[in-house]
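Taking it in order: structure first as structure tokens, then the write-up.
Hydrogens, waters and symmetry mates are skipped; everything else that's a heavy atom, side chains included, is used. A quick note: this is a predicted structure, and the numbers were derived from the prediction, not measured.
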There are 2 protein chains.
Amino acid sequence: MDRPTKAKAVKRSAGRPRAFDRQKALGIALDLFWRHGYGGVSIGQLTAAMGISPPSLYAAFGSKETLYREAVALYLDRYGGFMSGLLDDRRAAREAVERALQEVARQFGHADHAPGCMVSCAELQAAPDNAALVMEMAKLRQSAQCALHGRLEAARTSGEIPPTTDTASLAAYYAMVIQGMAVQARDGAKTALLKRLAVLAMQAWPE
Amino acid sequence: MDRPTKAKAVKRSAGRPRAFDRQKALGIALDLFWRHGYGGVSIGQLTAAMGISPPSLYAAFGSKETLYREAVALYLDRYGGFMSGLLDDRRAAREAVERALQEVARQFGHADHAPGCMVSCAELQAAPDNAALVMEMAKLRQSAQCALHGRLEAARTSGEIPPTTDTASLAAYYAMVIQGMAVQARDGAKTALLKRLAVLAMQAWPE
DNA sequence: TCTATTATGTAGCGACCACTACATTTTAGG
DNA sequence: CCTAAAATGTAGTGGTCGCTACATAATAGA
């Protein structure tokens, strides 16, 4: 990590240079994994879509599993912005959640990429061999919900929402909403409908 | 279908009798498909769990795909009862939905079977080869949502809910809630929490 | 130019996939 | 008993899976 292995395109280490765009290939993997899941995409489909051969893929990404993890990281980086909006403490909690759900609706229904949420629908059902990945993705969802819980708890102690509010259930509720919206989007729901769902979901807000 | 091939256990057609309990084997397939999805379960795992050999499985169920379809049908028969409760027109719509969501919470968190909902999480991400099954499961979810829409529309015309209510969005909302609850249950949410989510979800009810 | 390093293309590894050919066994009906 | 019918166990089928051995090609630094 600290060695200048491939930090910049300018500074290149010895050896034959890569003949393909690693980031673009990763983006292709992201799209395939998003649509079809880990087990639903084969190395053959990946290499075909990337226009490279298996050895090139393995030299660049290590294994199918590490490629998947890297694709998830790219997803969070590219499309996971609504989570930071959800937690934004420069806004009132209610406004932050309301805006985040609207952003989720926009995001999940966007036509430029796969519908829904890669993480919400990730490995909900998977082969027993992929138990490690299954657990990782579940933990990813759990940690997001946990962060929201923290934000809501802060809102409770600051008096933004009633002191009797069950913030754990409320966090689970909005996690559920986002996960449900992801399924709806996967099944073809457009942004307009998703936004209406977001509005309805906000009626559960305390007070 | 109309020939008495295997209608009753009493009336048995010629040939060597089956050496295993077909319904029990189907129940095992249901459990495996529920937990791991269609692509996540292999014929080898199925035959091992059933205690039979591949030819017996194929003689009894035809193919992996038809076995999956039959397992889904069994799921709907055994565990899909909350849908009829959701549509029950002998009750007020609000009460029907409220009770159905409580039943969903009980069902999804029950320890005697896989957590969550087999249909809600079915084939959300799957291999391109299984596109037919993917579409079938999506249609199954869609038809359930459509039935709920019909029930809500009836409630609107009967004056049970305001005439300005957007029943399509409301149906999508409760479908989203159930699908989100399925993900929450899959990730370990217990019935107690799921019931609190159901209560929160009811706050979106019109008027 | 020489060496070290890295990526590439070709070809194929063993393991598993869904599925089946085939002979045998067990039943029902005659 | 016989024949027809259906299920069984054994032992595979061709195909695809994730992954790799190996020789070659292309670069950096000396």
Write down the protein N/O and nucleotide N/O pairs, taken from nucleotides 25-27 of chain C, whose separation is under 3.5 Å; answer none if there are no such pairs.
from   : atom 1 : to      : atom 2 : distance (Å)
C:dT25 : O2     : B:Arg16 : NH1    : 3.2
C:dT26 : O2     : B:Arg16 : N      : 3.0
C:dT27 : O3'    : B:Arg12 : NH2    : 3.3
C:dT27 : O2     : B:Gly15 : N      : 3.0

Q: Kindly confirm or rule out a cation-pi arrangement of A:Arg18 over A:Phe20, judged by NZ or CZ under 6.0 Å from the six-membered ring centre and within 45° of its axis?
A: yes
Q: Ignoring hydrogens and angles, tell me if any N or O in the side chain of B:Lys190 forms a donor-acceptor pair with the backbone of B:His110 under 3.5 Å.
A: no
**Q.** Contact residues, residues 123-133 of chain B to DNA chain D [heavy atom, < 4.0 Å]
**A.** none
Q. Do B:Trp205 and B:Tyr173 have ring centres separated by under 6.0 Å?
A. no
Q.
At a heavy-atom distance below 4.0 Å, what parts of residues 38-66 of chain B sit against DNA chain D?
A. B:Ser53, B:Pro55, B:Ser56
Q) For the pair made of CZ in A:Arg18 and C1' in C:dT5, what is the distance, rounded to whole Å? A) 13 Å
Q) Salt bridge between B:Arg22 and B:Glu70, side-chain N to carboxylate O under 4.0 Å? A) yes
Q: Examine distances only and state if a side-chain atom of A:Gln203 and a backbone atom of A:Leu200 form a donor-acceptor pair shorter than 3.5 Å.
A: no
Q: Check the distance between D:dC17's P and A:His36's NE2 and give it to me in whole angstrom.
A: 13 Å
Q.
I'd like to know if A:Glu153 pairs up with A:Arg156 as an ion pair, taking the criterion as any Lys NZ or Arg NE/NH1/NH2 lying under 4.0 Å from an Asp or Glu carboxylate oxygen.
A. yes
**Q.** N/O donor-acceptor pair under 3.5 Å between A:Thr191 side chain and A:Ala105 backbone
**A.** yes
Q.
Is the shortest side-chain heavy-atom distance between B:Thr167 and B:Leu148 below 4.5 Å?
A. no
Q.
What's the separation between atom CG in A:Leu87 and atom CZ in A:Arg151, rounded to the nearest 0.5 Å?
A. 8.0 Å
**Q.** Side chains of B:Tyr68 and B:Glu136 in contact at under 4.5 Å (non-hydrogen atoms)
**A.** no
(Q) What is the distance, to the nearest angstrom, from the CG atom on B:Leu67 to the P atom on C:dC19? (A) 10 Å
